[in-house]
Every structure is written in structure tokens, then in C-alpha cells.
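Okay, so here's the structure we're looking at.
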Amino acid sequence: MSIERAIVENLRKLSLEKQREVLHFSEILTHSKPSLFESMTPHEQAEDWKQFVEAQLKDTPGLPDEALRRDNIYD
């Protein structure tokens with residue numbers, strides 16, 4: 001069974017109100033633009049991340065060693 005057919009069959013089982021919700025959701029999906037990050041190549045994403053990291057203040061305190069211990073990570 002194709003995805004389209006499965007969607008139509010499920011849609012027919014829904015109330016009119018729920019069908020309107022599905023229509024609204026599908027309109028959002030078809031008209032939404034990908035985020036800037038999603039439209040970037042992996043290389044561009046890496047460069048963007050590198051620029052972000054380099055822009056952070058250098059004199060801010062880091063995490064204490066205790067916070068990085070394995071048994072404390074899962075608390």
C-alpha cells in the first residue's frame with residue numbers, strides 16, 4: 001500500500017474536525033521553509049559551529065571535574 005493511499009484511508013476514518021486539523025498540518029508542512037541550519041552543507045554547519053564556539057567568552061568558568069564524572073552525569 002502506498003503512503004498516499006494509507007493517509008487517505010486513515011483520513012476517511014476521522015471526524016470532519018480532525019480532517020481539518022490534518023489539512024492545517026499538511027499546509028504547514030508544505031509551506032514551511034527549512035531552517036538556515038538545515039539548508040547548510042555539513043561543512044558549512046561545522047564552520048558555523050566553530051565560529052559560535054570561538055565567539056564565546058574565554059574567561060567564563062568551565063564545569064568542575066566533579067560534574068564530568070560518569071556517575072554524576074546520570075543523576
>> Take a 6.0 Å sphere around CD of E9 and say whether it holds more than 12 heavy atoms from other residues, nucleotides or ligands.
In response: yes

> Between CD1 of I7 and CZ of R5, what distance do you get to the nearest 0.5 Å?
Replying inline: 13.0 Å

> How far does CD of Q19 sit from CG of L14, to the nearest 0.5 angstrom?
Replying inline: 6.0 Å

>> Quick check on E66: does its CD atom have over 12 non-hydrogen neighbours (other residues, nucleotides or ligands) under 6.0 Å away?
In response: no

> Any idea which heavy atoms bring E44 and T41 closest together, and the distance?
Replying inline: OE1-N, 2.8 Å

> Does atom CD1 of I3 have more than 12 heavy-atom neighbours, drawn from other residues, nucleotides or ligands, at distances under 6.0 Å?
Replying inline: no

> Are the side chain of E38 and the backbone of S35 linked by a donor-acceptor contact shorter than 3.5 Å?
Replying inline: yes

> Taking only residues two or more places apart in sequence, or in another chain, which ones meet R12 in a salt bridge (charged side-chain N to carboxylate O under 4.0 Å, His left out)?
Replying inline: none

> Going from CD on E47 to CD on Q51, what distance comes out if it is rounded to the nearest 0.5 angstrom?
Replying inline: 6.5 Å

> How long is the span from the CG atom in D48 to the CG atom in L36, to the nearest 0.5 Å?
Replying inline: 7.0 Å

>> Could you report the tightest heavy-atom contact between L63 and A67, atom names first, then the distance?
In response: CB-CB, 4.3 Å

>> To check you understand the geometry: which heavy-atom pair defines the closest contact between Q45 and M40, and what is its length?
In response: NE2-O, 3.4 Å

> Do the non-hydrogen side-chain atoms of E21 and H24 ever get within less than 4.5 Å of each other?
Replying inline: no

>> Please check if the number of heavy atoms outside E17 that lie under 6.0 Å from its CD is greater than 12.
In response: no

